[in-house]
Amino acid sequence: MEKFANKSQKKRSCVCGVFTRAPRIKLDTDGRMQNEEDEEAELEVLAEFSHPVPWQKIEAQGLDLDYALLFSKEEADALFKQLEEEVMYSTGEEAKVQVFGKLHNIPRRQATYGDAGLRYTYSGRTHLACTWTPTLEYIRDAVTNATGHTFNFVLINRYRDGEDHIGEHRDDEKELDPVCPIASVSLGAARDFVLRHRDARGKRGARRLEPVKLQLAHGSLLLMNPPTNTFWYHSLPVRKKVRLPRINLTFRRILLISRGEEPANVWSL
DNA sequence: TCGTAATCAGGTGT
DNA sequence: GACACCTGATTACG
């Protein structure tokens with residue numbers, strides 16, 4: 001079993017940036033900067049993001065994860081507070097899910113943000129992405145600079161306390177770019193995160209593979225690299241002792257449609 | 001036809 | 001008793 005505590009972390013140079021301005025770095029699909037109108041400011045932000053992140057590698061059969069503390073406590077606190085003010089969560093029918101023919105209120109709150117016009121389908125429901133907020137852009141760019149990957153969509157889950165949870169599932173939607181990892185940023189209460197191999201699930205699990213358990217700390221980043229989501233289910237189980245909220249942001253790259261193709265679930269306007 | 005399901009509820013072990 | 005963990009449900013859909 002893997003377990004990580006909220007260890008000491010290298011402090012970033014400019015915690016205040018998140019309060020005062022939107023991120024200025026815009027990256028194209030190759031991760032290069034596009035807008036050079038405020039070059040000096042961009043260099044400043046790039047320097048802010050360029051501190052090496054101390055990654056920890058977690059591997060098993062078909063499992064490939066990278067874990068790091070991306071934000072200092074102070075910055076993570078500020079980001080959490082900003083998101084509490086900015087993010088608009090789904091309500092009504094959008095906050096329900098049908099499983100085994102029964103309609104349930106999902107045991108958490110969800111929101112979807114991303115590039116204009118992006119839609120994403122999961123649990124049988126299609127969600128239209130809201131436009132990026134400044135804080136989400138800041139976090140997205142920090143993740144991009146730490147990982148070298150660009151993202152056009154983020155699914156936000158807010159867990160009010162340890163009663164809120166998410167069951168075992170895979171993020172294996174067809175519209176996800178298969179070569180791009182899913183980047184999961186955690187803010188707020190630390191929660192256990194459990195991964196289980198698809199062949200080790202159920203009463204008659206075909207293989208004896210121990211589940212992998214992590215604790216996702218405030219300000220942490222977990223990268224789920226391919227082919228992890230093909231073979232491993234993940235969940236955030238109930239933890240009744242947890243009293244505080246947690247916000248989780250999973251950054252994804254959704255494939256855009258090329259001319260003439262018409263996947264049912266995703267399109268860009 | 002078959003596998004899967006971002007769920008809950010209930011049983012069991014610690 | 002509280003909690004963690006596991007299993008079954010039995011329907012809709014691709």
Side-chain angles (χ1 to χ4, degrees), chain A residues 1-3 62 65 87 89-114 118-129 153-176 178 181-186 189-216 222 224 227-252 254-255 261-267:
Chain A
M1 179 173 116
E2 300 274 354
K3 200 140 196 173
L65 307 174
V87 174
Y89 292 93
S90 301
T91 55
E93 289 303 303
E94 277 210 325
K96 294 183 177 184
V97 64
Q98 194 170 15
V99 181
F100 289 118
K102 261 179 86 176
L103 212 55
H104 301 278
N105 290 319
I106 56 172
R108 63 194 168 276
R109 302 184 75 194
Q110 285 188 325
T112 50
Y113 284 77
L118 266 187
R119 293 168 194 247
Y120 182 53
T121 297
Y122 59 91
S123 301
R125 290 186 183 275
T126 299
H127 301 257
L128 178 63
F153 183 88
V154 62
L155 172 65
I156 305 172
N157 281 297
R158 185 181 189 277
Y159 303 89
R160 289 160 287 198
D161 54 32
E163 297 278 359
D164 274 1
H165 62 280
I166 189 165
E168 274 188 357
H169 67 283
R170 292 181 294 173
D171 294 318
D172 61 346
E173 289 77 13
K174 285 193 289 285
E175 58 262 45
L176 291 177
I182 291 174
S184 170
V185 173
S186 297
R191 289 288 295 267
D192 289 345
F193 182 75
V194 180
L195 297 113
R196 202 163 15 175
H197 196 282
R198 68 179 184 189
D199 295 342
R201 299 172 76 229
K203 203 174 181 179
R204 291 168 294 170
R207 298 168 72 186
R208 288 200 172 198
L209 283 162
E210 287 300 308
V212 174
K213 300 181 184 181
L214 316 173
Q215 192 174 63
L216 302 179
L222 180 72
M224 288 188 275
T228 303
N229 261 306
T230 304
F231 299 109
W232 291 76
Y233 285 72
H234 55 270
S235 65
L236 193 91
V238 169
R239 287 294 178 264
K240 293 181 186 272
K241 288 170 188 166
V242 175
R243 306 280 181 204
L244 298 173
R246 167 179 185 259
I247 296 175
N248 176 243
L249 305 99
T250 48
F251 291 89
R252 299 141 193 260
I254 290 178
L255 294 170
E261 295 175 24
E262 197 67 36
N265 295 334
V266 188
W267 61 100

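Quick note: numbers below take in every heavy atom, side chains included, and nothing from hydrogens, waters or symmetry partners. In the text below, chain A, chain B and the rest are named by the order of the sequence lines, each starting its count at 1.
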N/O (side chain, [X]) to phosphate O (OP1/OP2, [N]) under 4.0 Å:
{"X": "A:Arg198", "N": "B:dA5", "result": "no"}
{"X": "A:Arg109", "N": "B:dA6", "result": "no"}
{"X": "A:Tyr233", "N": "B:dA5", "result": "yes"}

Output the rounded distance in Å from [atom1] ([X]) to [atom2] ([N]).
{"X": "A:Leu195", "N": "B:dA6", "atom1": "CG", "atom2": "C1'", "value": "14 Å"}
{"X": "A:Asn105", "N": "B:dA9", "atom1": "CG", "atom2": "C1'", "value": "16 Å"}
{"X": "A:His169", "N": "B:dG3", "atom1": "NE2", "atom2": "C1'", "value": "18 Å"}
{"X": "A:Asp164", "N": "B:dC8", "atom1": "CG", "atom2": "C1'", "value": "14 Å"}
{"X": "A:Ile106", "N": "B:dA6", "atom1": "CD1", "atom2": "C1'", "value": "8 Å"}
{"X": "A:Glu168", "N": "C:dC6", "atom1": "CD", "atom2": "P", "value": "8 Å"}
{"X": "A:Arg191", "N": "C:dC3", "atom1": "CZ", "atom2": "C1'", "value": "14 Å"}
{"X": "A:Arg196", "N": "B:dA6", "atom1": "CZ", "atom2": "C1'", "value": "15 Å"}

Sugar-phosphate only, base, or nothing, as touched by [X] at under 4.0 Å among non-hydrogen atoms:
{"X": "A:Pro107", "result": "sugar-phosphate"}
{"X": "A:Ile166", "result": "base"}
{"X": "A:His165", "result": "sugar-phosphate"}

Nearest of [options] to any side-chain atom of [X]?
{"X": "A:Asp171", "options": "C:dC5, C:dC6, B:dA6", "value": "B:dA6"}
{"X": "A:Lys241", "options": "C:dC3, B:dA6, B:dA5", "value": "C:dC3"}
{"X": "A:Arg239", "options": "B:dA6, C:dC5, C:dC3", "value": "C:dC5"}

Write down the atom of A:Ser235, the atom of A:Gly167, and the distance for their closest heavy-atom approach. CB-C, 3.7 Å
Under 3.5 Å on both distances, the Watson-Crick or G-U partner of B:dA6: none
Assign the ring pair A:His197 / A:Phe231 to parallel, tilted or perpendicular, where the plane angle (0 to 90°) is split at 30° and 60°. parallel
Does the A:Arg108 side chain pair with the main chain of A:His165, one donor and one acceptor, at a distance under 3.5 Å? yes
Has the side chain of A:Arg191 got a donor or acceptor atom that lies under 3.5 Å from a matching backbone atom of A:Pro237? yes
Pick out which of A:Asp164, A:Asp161, A:Asp192 makes a salt bridge (Lys or Arg N to Asp or Glu O under 4.0 Å) with A:Arg239. A:Asp192
